[in-house]
Amino acid sequence: MVGSPTYVGTVDDVAALVSVAHEYGVPVIVDAAWGAHLGWHPDLPESPLALGADVMVTSTHKSLPAHTQTAILFAQGDLVDRDRIAAAFDGTQTTSPAASLIASIDFSRALLQERGHDLIGSALAAVGHARHVLRSTVPGLSLPVGRGMDPLKLVIGTASVGVDGRDVLDDLRCAGVDVESASRDMLIPQVTLVDDHDSLSELVGPLGASLARRAGAPRAEPAAHVWNVPAEVVCTPRDAAYAPVVTVPWSEAVGRVCAETVAPYPPGVPVLAPGERVTSAAQEALNQAQASGVPIAFAADPTLTTLRVLA
Ligand SMILES: Cc1ncc(COP(=O)(O)O)c(C=O)c1O
């Protein structure tokens, strides 16, 4: 299972992964939540499906304009059993699906099919121009782009100009503009298929002004340890879900078995999941993420003062 593109717009070499996995008869499932638009314009990376992924799941409410909560699951080839997928799908669905959600998926699909090339072309030109304006307004600002990146994704690294992204978010909200996420070191406005020069100008004006006004001494960006913590699985998430649970002080949790999901968001990848041992490496990574201003998601106590563990 592969996540591509990632939340910060990096794109994996899905074709190479598929080629190796298929040699061993292993299907490749791609979480392309952020990549519904991939493959619909020559300046974009190819869609994981076109690169041979057996299954691809993509959100239709991130880069496409469908209602929140909507997504499409695609399957192709002989390596996956589509009846099993259908049964799993049915097992998790409401018996009263909302036609408005389904219609919004179909609207986005049709929009992509009929006008995707032109709309993405305008959005890409607008993002390119936004980067250019931000670069000249705020010299030294980090705006990663290039090979291995989705060019539609606008990622703004604020450490290189000594700005706290959360302060910029406050300024933006005062100006009536919101973004998808803001942490101390990073801002991500979610650019979509229907963005263009006008909509991005509404963001870039106040964003550039706030960054330029707050710019100061560059700050080192700490390496994110959250990606490197090995999981020590003690029991299945199911067993953890049915086990008796107690709440303990965070400082006394090392060695216990975690009863909840604890994920710095972004990136939203759990450092601890139900059934995993709370190691000192996991605690250190979470403490570091929190100290660097990344919100902690899914934990009952997002301040990390306490943790729910198996009794
Ligand atoms: C990588 C990734 N996969 C899946 C999801 C979930 O997608 P959805 O919001 O459509 O349920 C997210 C949500 O942000 C995500 O970042």
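When a ligand or atom number is given, it counts from 1 through the structure's own listing order. Heavy atoms only: backbone and side chains are in, while hydrogens, waters and symmetry mates are out.
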Under 4.0 Å from any heavy atom of [X], which atoms of ligand 1 are there?
{"X": "A33", "answer": "2 (C), 3 (N), 4 (C), 5 (C), 15 (C)"}
{"X": "H61", "answer": "8 (P), 9 (O), 10 (O)"}
{"X": "Y265", "answer": "13 (C), 14 (O)"}
{"X": "W34", "answer": "1 (C), 14 (O), 15 (C), 16 (O)"}
{"X": "S59", "answer": "7 (O), 8 (P), 10 (O)"}

Give a yes or no on whether a salt bridge exists between R173 and D170, defined as a side-chain N under 4.0 angstrom from a carboxylate O. no

Which pair of heavy atoms, one from [X] and one from [Y], lies closest together, and at what distance?
{"X": "L141", "Y": "G157", "answer": "CD1-O, 3.6 Å"}
{"X": "A212", "Y": "V138", "answer": "N-CG2, 4.1 Å"}
{"X": "W34", "Y": "S63", "answer": "O-OG, 4.3 Å"}

Pair T306, D301 - check side-chain hydrogen bond (donor to acceptor under 3.5 Å, both in side chains), show working. CA-CA 6 Å; T306 59; D301 176 3; 2.9 Å; yes

Please state which option from T68, T60, D31 has its nearest heavy atom closest to atom 1 (C) of ligand 1. D31

Under a 3.5 Å cutoff, is there a donor and acceptor pairing between the side chains of H67 and S104? no

Does Q69 have a non-hydrogen atom less than 4.0 Å from ligand 1? no

Determine the interplanar angle of the H197 and H129 rings, folded into 0 to 90°, and report it as parallel if under 30°, tilted if 30 to 60°, perpendicular if over 60°. tilted

Considering only the protein, which heavy-atom contact is closest to atom 8 (P) of ligand 1, and what is its distance? K62 NZ, 3.3 Å

Are any non-hydrogen protein atoms located under 4.0 Å from atom 11 (O) of ligand 1? no

Indicate yes or no: does an N/O atom of Y7 lie under 3.5 Å from an N/O atom of ligand 1? no

